[in-house]
Every structure is written in structure tokens, then in C-alpha cells.
Amino acid sequence: MKEFHLLINAEDVLGHINPEIYGHFSEHLGHCIYEGIYVGEDSKIPNIHGIRKDVVDALKAIRVPVLRWPGGCFADEYHWKDGIGKKSSRKKMINTNWGGLVEDNSFGTHEFMELCELIGCEPYITGNVGSGNVREMTEWIEYMTFDGISPMTELRRENGQNTPWKLKYFGIGNENWGGGGTMRAEYYADLYRQYQTFCKNYSGNELWKIACGPSANDYHWTEVMMQQLQKEHTKGIALHYYCVPDWNAKGSAAEFTEDEYYTLLSYANYMETLVTRHSEIMNRYDPEHTIGLVVDEWGCWYEVEPGTNPGFLYQQNTMRDAIVAALNLNIFNRHSKRVIMANIAQVVNVLQAVILTENEKMILTPTYHVFDLYKEHQGGDAVYCYHPNITLYDGTNDHNVPMLSSSASIKNDVMTITLANCSLHEEAELHGQIYGFHGTLGSARILTNEVHAHNTFDSPDTVHIEPYTVEYKDNHLHVSLPPCSVVEINLH
Ligand code: AHR
């Protein structure tokens with residue numbers, strides 16, 4: 001057992017936790033959209049206009065604030081006009097990035113907007129820079145948001161949507177340093193300036209334009225974006241980072257050694273270094289925090305499950321993934337002054353999914369339960385939360401694993417504290433002192449299990465949240481965290 005002294009100062013606000021930090025990502029990839037979200041109106045699976053009810057309900061329960069679509073790599077090959085109008089007339093295309101399958105475009109703009117309405121979240125749409133053009137992008141925005149008379153609004157009305165949708169988040173391309181065009185930062189920066197000029201604010205709609213950002217530790221990319229992009233036309237720069245120790249041997253999602261667990265966690269915790277260093281660059285050019293860091297792809301990426309299509313990126317999700325999610329969300333909370341959005345990849349059936357489906361069955365993964373434990377942070381103010389730490393694994397280049405991960409926030413006089421014990425063997429005993437906040441214990445919940453534990457379609461509830469007992473009196477908090485656990489505490 002290891003003891004920790006925790007200090008929380010409610011008067012020291014670090015930043016506002018935009019709910020969008022708890023965002024998700026959905027791509028036309030494997031069974032994310034088709035089967036995972038959209039089954040078609042004729043399906044026996046309960047649905048609303050083809051959208052799975054069970055998935056919508058599960059996403060509403062964790063208060064998904066924003067959903068990114070249609071990709072990913074797919075976005076830079078997507079031509080939105082192929083995905084509108086009568087379904088039987090929609091063009092079919094090859095999904096070259098993900099398995100070379102036929103994409104029938106039966107899920108398009110209208111279906112995505114309805115999905116967001118059903119979940120009650122903001123849509124975040126990524127436009128095609130890699131293989132599209134300015135006209136295609138500007139017309140899409142006109143189609144979605146303009147309320148007047150124009151060719152695109154006529155088309156939208158013909159397709160059954162009289163009033164425009166509200167669209168706040170719009171990405172100008174995806175990974176344009178790679179699959180989105182293999183561009184140099186300097187070239188993309190100019191393209192961004194050109195494309196964004198034609199992304200207009202129609203009918204009172206205000207777009208938050210988000211530029212393609214760096215891959216992991218490409219600090220040059222961030223530097224160039226901050227030099228070249230105009231602050232008044234850029235709300236965010238999108239960082240992508242997957243925790244993968246070795247891209248040539250990504251390892252199994254559910255079978256791993258203790259060494260592999262700590263190595264992977266050191267890659268997850270590297271997010272702290274990435275966010276800090278990209279923020280340092282952004283701070284030099286933008287001390288007012290006008291431009292946010294948008295981590296719109298993050299999570300674990302393993303080998304696909306045996307027997308599944310390698311292009312579908314379908315993987316299991318264990319308590320190890322829960323710890324990764326807890327670490328990352330605590331990092332985003334603590335950096336919420338700069339990080340304005342984050343989108344875990346991906347929402348259903350792909351990579352570190354919160355939901356897995358098999359025909360009519362649906363399970364919630366350990367990662368889902370972490371989003372449930374953390375949901376009260378959404379819209380709160382992150383406050384100072386400090387404890388000396390113990391390093392469980394000390395790798396090179398800032399790849400290390402702390403035993404304890406934490407963050408705290410306040411919203412409507414409720415303090416939410418989230419803690420994770422990354423150790424697989426030792427309990428963490430926490431003695432907390434809370435300043436600037438007077439309240440009583442509301443509730444506490446825990447997610448814990450053996451690190452390989454996961455939910456399956458035959459055993460969907462192996463990993464689940466349980467109520468937990470902690471002590472809180474006279475501003476003193478006492479919590480015992482079992483090995484491999486995530487805890488949420490509310491003080492009222
Ligand atoms: O999430 C899977 C893929 O990872 C996305 O399509 C792409 O943007 C990234 O490389």
C-alpha cells in the first residue's frame with residue numbers, strides 16, 4: 001500500500017472544461033456507421049429512421065457532447081452530394097482506406113444530423129481538402145446552414161429538410177500531412193487560408209473552423225500553423241495521437257503481459273508531454289488562448305481481433321483501456337485552458353470504442369464506464385489538484401507511468417474528483433485536504449477489475465461501475481484506491 005497526500009484548492013481555477021472534451025468520433029470505417037449506428041429502416045433492430053435506438057440511448061446516458069464525422073481518412077475522399085437524396089439513387093463508391101468495400105452512401109448528411117439531434121450533441125463535420133475542392137466545401141456549408149434562397153437550399157428542401165441545421169464545428173481537412181494529401185505544413189497553411197475564406201457564416205450560424213493539426217510530436221507543424229493562420233479565422237488546431245508502442249507489432253487488445261501494460265500506459269501518459277509542448281508553442285503566438293487545441297483523434301490502437309477484417313479496426317476493450325481513458329481525460333481536464341475539444345477514436349466497433357455491437361446485441365466497454373464516471377466534469381471549472389506521485393515505469397523520452405492520476409472540477413457548487421490507480425498490485429491510500437470549498441459527501445463510484453477483464457456479448461456486465469465508500473469530513477477526504485481502479489467522487 002502506498003500513501004498519498006492530495007491537495008485541492010477550489011479557488012485556483014485552471015480552466016473551463018468545455019463539455020466537448022468528452023467528445024467522440026465516428027467514421028465510415030468497418031462497423032462504426034453501418035451496423036454500429038445505422039441499420040436501415042427495415043432492420044429488426046429497434047431504430048429511428050434506421051438509427052439504432054440502443055446505441056443512441058447509451059450515448060445519451062454519458063451525455064456525448066459532440067460527434068465528429070465522416071472521418072478520418074474517409075473525409076478526404078468523401079463527396080457529400082453522393083450522400084443526399086433518394087437512397088436508391090445515391091452513388092456507390094469504394095472505401096479505399098478501410099477494406100476497399102462498397103460504400104453505398106445510405107448514411108449521409110441528413111442521417112448524421114438526425115443522429116446528433118437524437119443524441120443531443122453538436123455535430124462536428126470534417127470537409128474534404130485532400131481530394132475535394134473549395135466549391136464542394138462551400139456548397140456543403142451553404143446546404144447545411146443557409147436559410148435563404150440559393151441552389152443548395154433548394155436542394156436541401158427538395159430532400160425534405162426545410163430549415164437549416166446549426167453547425168458549429170467544421171474541420172478543414174483531416175491529417176493533410178498524411179492520408180489527407182501528404183502536404184507540408186507551409187502548403188497546408190496556405191490551403192487552409194484559402195478554403196476557410198469560403199466557409200461562410202450563413203443565417204446567424206457561426207462556424208468554429210478547425211485546422212488540421214500535428215501528428216503526435218510534430219512541433220514544426222504547430223509552429224507553422226500558429227505563424228500562418230489568422231486568429232480571427234481559426235478556432236482550433238487538431239492534434240492526433242494514438243498510443244501505440246510499436247506500429248509494426250501493435251499487440252492484442254485483450255492478451256498482454258504486465259510489461260506490455262506499463263509500456264502502453266507510458267504511451268498514453270505521453271499525452272501530457274504532447275499537450276504541454278504544443279501548448280507552449282501556442283502560448284507564444286496566442287497568449288490570449290484564442291485558438292484551442294482540439295485532440296480530435298486519440299485512443300489505443302491494437303491488432304484487430306482474430307478472424308476479423310484487418311481494414312475494420314475492430315478490437316476488444318479491457319480495464320487497461322479504462323485506465324488509459326482515465327489518464328487522458330484527467331490530462332485534458334487539467335489542460336482545459338488550451339484543450340477545447342477531444343474526440344476518442346471511435347465511438348462504436350472501431351479502435352477504443354465505448355460501444356460494441358453484434359447484430360441486435362450491444363455491450364458497453366470499460367472505456368464507456370470511464371466516460372460515465374467523468375461526465376460530471378463537463379462544463380465545470382477545473383481546479384488545482386496536486387499530489388506527489390510515484391513513478392511505476394520510467395521509460396525514455398518522457399514515456400513514464402505515474403501511479404496516481406487525478407483531476408477535480410467544480411460546477412454548480414458540486415465538486416467532482418476523478419482518480420485512477422495505475423498500479424496492478426498496490427493499493428493507493430489517499431489523504432486529501434480541500435481548500436476553498438465547503439460541502440458534504442454526495443456520492444462515490446468505482447470501476448475496478450483484473451486488468452484483462454472485459455465485457456463480451458455472453459457476459460456483458462463483467463466490468464461495471466459500483467457505488468463506493470469514501471470518507472469526507474471537515475474538508476478532509478480519505479479514499480482507498482484498489483489496484484487498477486478508477487474512482488469518481490462528488491461533494492455537494
Ligand atoms: O481512426 C482511424 C484513422 O486514424 C483515421 O481515419 C485517421 O484520421 C487516422 O490516421
Side-chain angles (χ1 to χ4, degrees), residues 23-34 36-37 66-79 93-101 103 107 112 124-132 169-183 188 192 210-218 221 236-248 250 253 267-268 271 274 293-305 308-317 321 324-325 328 341-356 365 367:
H24 292 257
F25 169 36
S26 58
E27 180 167 10
H28 288 239
L29 194 178
H31 293 308
C32 181
I33 296 292
Y34 300 111
I37 289 172
V66 63
L67 187 61
R68 180 172 181 250
W69 174 84
C73 294
F74 183 79
D76 277 292
E77 290 196 347
Y78 184 60
H79 301 288
M93 66 180 278
I94 317 170
N95 191 335
T96 59
N97 288 291
W98 308 118
L101 292 201
E103 160 66 54
F107 188 91
F112 176 66
Y124 171 15
I125 290 189
T126 301
N128 181 345
V129 170
S131 70
Y169 300 111
F170 192 80
I172 315 272
N174 172 74
E175 296 193 350
N176 301 93
W177 36 259
T182 329
M183 299 173 196
Y188 170 77
Y192 176 90
I210 296 166
C212 162
S215 169
N217 59 358
D218 183 353
W221 188 281
I237 292 183
L239 164 69
H240 285 188
Y241 174 66
Y242 287 96
C243 52
V244 185
D246 181 353
W247 281 96
N248 295 316
K250 295 194 279 297
Y267 277 73
M271 183 67 88
L274 291 175
L293 193 59
V294 172
V295 190
D296 64 17
E297 287 189 30
W298 68 272
C300 295
W301 189 322
Y302 308 112
E303 300 298 345
V304 298
E305 290 305 310
T308 64
N309 187 324
F312 284 10
L313 311 186
Y314 177 79
Q315 63 191 41
Q316 247 302 348
N317 195 294
D321 298 281
V324 168
N328 275 280
M341 193 198 299
N343 308 72
I344 190 168
Q346 299 190 5
V347 68
V348 188
N349 291 334
V350 171
L351 299 177
Q352 194 176 342
V354 291
I355 291 174
L356 300 177
T365 67
T367 300

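Just so you know, residue 1 is the first one in the sequence shown, and it goes up from there. First listed ligand is number 1; within each ligand, the first listed atom is number 1.
- Trp98 meets the side chain to side chain donor-acceptor pair (under 3.5 Å) test with Glu27; sequence neighbours excluded.
- Here Val350 has no heavy atoms under 4.0 Å from ligand 1, in either its backbone or its side chain.
- Using a 4.0 Å cut-off between heavy atoms, Leu351 contacts ligand 1 through its side chain alone, with no backbone atom that close.
- Counting protein heavy atoms only, atom 10 (O) of ligand 1 is closest to Glu175 OE1, 2.8 Å.
- Protein heavy atom nearest atom 7 (C) of ligand 1, with residue, atom name and distance: Glu297 OE1, 3.3 Å.
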- Determine, step by step, whether His31 and Tyr314 satisfy the ring pair (Phe, Tyr, Trp, His ring centres under 6.0 Å) criterion, reporting the C-alpha distance in whole Å, the side-chain angles of both residues, the deciding distance to 0.1 Å, and the verdict. CA-CA 8 Å; His31 293 308; Tyr314 177 79; 8.0 Å; no
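- Looking at Glu27 next to ligand 1, an N or O pair under 3.5 Å apart turns up.
- Applying the 4.0 Å criterion to heavy atoms of Gly72 picks out, from ligand 1, the atoms 5 (C), 6 (O), 8 (O).
- Of the candidates His24, Gln346, His28, His28 is the only one forming a side-chain contact (heavy atoms from CB on, under 4.5 Å) with Trp69.
- In the vicinity of Phe25, heavy-atom distances shorter than 4.0 Å reach the ligand 1 atoms 1 (O).
- No side-chain donor from either of Ser131 and Glu77 sits under 3.5 Å from a side-chain acceptor of the other.
- Near Gln346, with a cut-off below 4.0 Å to any heavy atom, the atoms of ligand 1 are 1 (O), 2 (C).
- Atom 1 (O) of ligand 1 has its nearest heavy-atom neighbour, among Trp301, Tyr242, Phe74, in Tyr242.
- For the pair Asn176 (side chain) and Gly180 (backbone), a donor-acceptor distance under 3.5 Å is present.
- Close contacts between ligand 1 and Asn174 involve ligand atoms 8 (O) [criterion: under 4.0 Å to a heavy atom].
- In terms of polar-atom proximity, defined here as any N/O pair under 3.5 Å, Cys73 does make such a contact with ligand 1.
- Between the side chain of Gln352 and the main chain of Asp321, a donor-acceptor pair closer than 3.5 Å is present.
- Put simply, OG1 on Thr126 and CZ on Phe25 are 7.0 Å apart, with the number rounded to the nearest 0.5 Å.
- The proximity of Trp98 to ligand 1, defined as any non-hydrogen pair under 4.0 Å, is limited to the side chain.
- The shortest side-chain heavy-atom distance between Phe107 and Tyr34 falls under the 4.5 Å cut-off.
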